[in-house]
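Note that the numbering runs from 1 along the sequence shown for the chain.
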Amino acid sequence: MDNCIFCKIAKREIPANKIYEDEDILAFHDIHPAAPVHFLLIPKLHVDSLADIDGSHHDLLGKMLVLTPKLAKEQGCSEGFRTIINTGRVGGQEVFHLHFHIIGGHQRLPGMIHQG
Ligand code: AMP
Ligand code: ZN
């Protein structure tokens, strides 16, 4: 995808503070961290969002999920972390290239969403 910022990061066309890379996956620190640990895990393959996943992505998604706790622990989340996948307009997604947010730190994170 020509105009996708995360594709550009995956192709090294724009810089990112990378913490992990293999042939399929990249992880880098979020530019606006919401907690002491906040990094993003993306597939190098462009997929708009979790709503666009199908069976062909099975192994890729499994690999990303297996990698998540390993990287979280390496980043210092020894006592837990939160994984968020914002999906679509209602889900608050801003960058339309599938990504996992991994968020943590030393203190307990605030509670989940409450109906207002
Ligand atoms: P979302 O609302 O789930 O689409 O979140 C997109 C996330 O990408 C936000 O937390 C942004 O701070 C983050 N972000 C956007 N551009 C960059 C960038 N160039 N490098 C690192 N993180 C970014
Ligand atoms: Zn992309």
Side-chain angles (χ1 to χ4, degrees):
M1 292 288 280
D2 288 349
N3 244 343
C4 172
I5 189 165
F6 288 176
C7 280
K8 287 183 179 171
I9 288 175
K11 287 188 271 181
R12 298 167 198 245
E13 290 173 7
I14 61 170
N17 195 351
K18 191 172 70 180
I19 62 171
Y20 175 85
E21 181 168 16
D22 66 28
E23 65 273 25
D24 300 317
I25 296 168
L26 187 66
F28 52 91
H29 292 286
D30 196 291
I31 205 164
H32 294 125
V37 176
H38 185 177
F39 63 93
L40 304 174
L41 193 63
I42 69 165
K44 288 186 172 176
L45 176 74
H46 181 91
V47 181
D48 275 2
S49 84
L50 193 65
D52 300 290
I53 286 296
D54 61 33
S56 72
H57 305 108
H58 190 271
D59 289 353
L60 178 61
L61 268 287
K63 191 173 170 184
M64 289 175 70
L65 209 48
V66 168
L67 202 51
T68 295
K70 179 177 183 291
L71 294 181
K73 283 175 204 153
E74 282 176 11
Q75 292 301 308
C77 299
S78 55
E79 294 180 61
F81 56 91
R82 186 170 291 167
T83 306
I84 298 173
I85 309 172
N86 294 324
T87 304
R89 181 184 65 81
V90 170
Q93 187 175 2
E94 289 178 358
V95 176
F96 279 77
H97 178 128
L98 175 65
H99 53 280
F100 296 3
H101 293 257
I102 293 96
I103 297 169
H106 305 298
Q107 292 185 324
R108 189 185 169 95
L109 292 165
M112 291 295 283
I113 297 157
H114 299 286
Q115 185 87 273

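- One distance of note links CG of Asp48 with OG1 of Thr87; it measures 11.0 Å at 0.5 Å rounding.
- Residues forming a ring pair (Phe, Tyr, Trp, His ring centres under 6.0 Å) with His101 (at least two apart in sequence, or on another chain): His38, His99.
- The residue from Leu50, Leu41, Ile53 that alone fulfils the side-chain contact (heavy atoms from CB on, under 4.5 Å) condition with Ile85 is Leu50.
- Side chain of Lys18 to backbone of Ile9: no donor-acceptor contact under 3.5 angstrom is found.
- Counting heavy atoms from C-beta on, the side chains of Lys8 and Asn3 come closer than 4.5 Å.
- Here the straight-line distance linking atom CG of Leu98 with atom CG of Leu60 works out to 8.0 Å at 0.5 Å rounding.
- Proximity of the aromatic rings of Phe28 and Phe6 is defined here by a centroid distance below 6.0 angstrom, and this criterion is met.
- Note that CE of Met64 is 10.5 Å distant from OG1 of Thr83, once rounded to the nearest 0.5 Å.
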Criterion side-chain contact (heavy atoms from CB on, under 4.5 Å) on Leu61 and Phe100, from CA distance to verdict: CA-CA 10 Å; Leu61 268 287; Phe100 296 3; 3.9 Å; yes

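- Nearest heavy atom pair, residue Leu71 against residue Ala27, reads CD1-CB, 3.8 Å.
- Taking 4.5 Å as the limit, every side-chain heavy atom of Asp24 sits out of range of all side-chain heavy atoms of Leu45.
- Taken from SG in Cys4 to CD in Glu13, the straight-line distance is 10.5 Å, to the nearest 0.5 Å.
- Within 6.0 Å of atom CD in Glu79, 12 or fewer heavy atoms from other residues, nucleotides or ligands are found, so the atom counts as exposed in its surroundings.
- Heavy atoms of other residues, nucleotides or ligands lying less than 6.0 angstrom from NZ of Lys73 number 12 at most.
- Within the 3.5 Å criterion, the main-chain N or O of Asp54 finds a donor-acceptor partner in the side chain of His57.
- Distance check, rounded to the nearest 0.5 Å: CD of Glu74 to OH of Tyr20 gives 9.5 Å.
- The side-chain heavy atoms of Ile19 and His29, taken from C-beta on, include a pair separated by under 4.5 Å.
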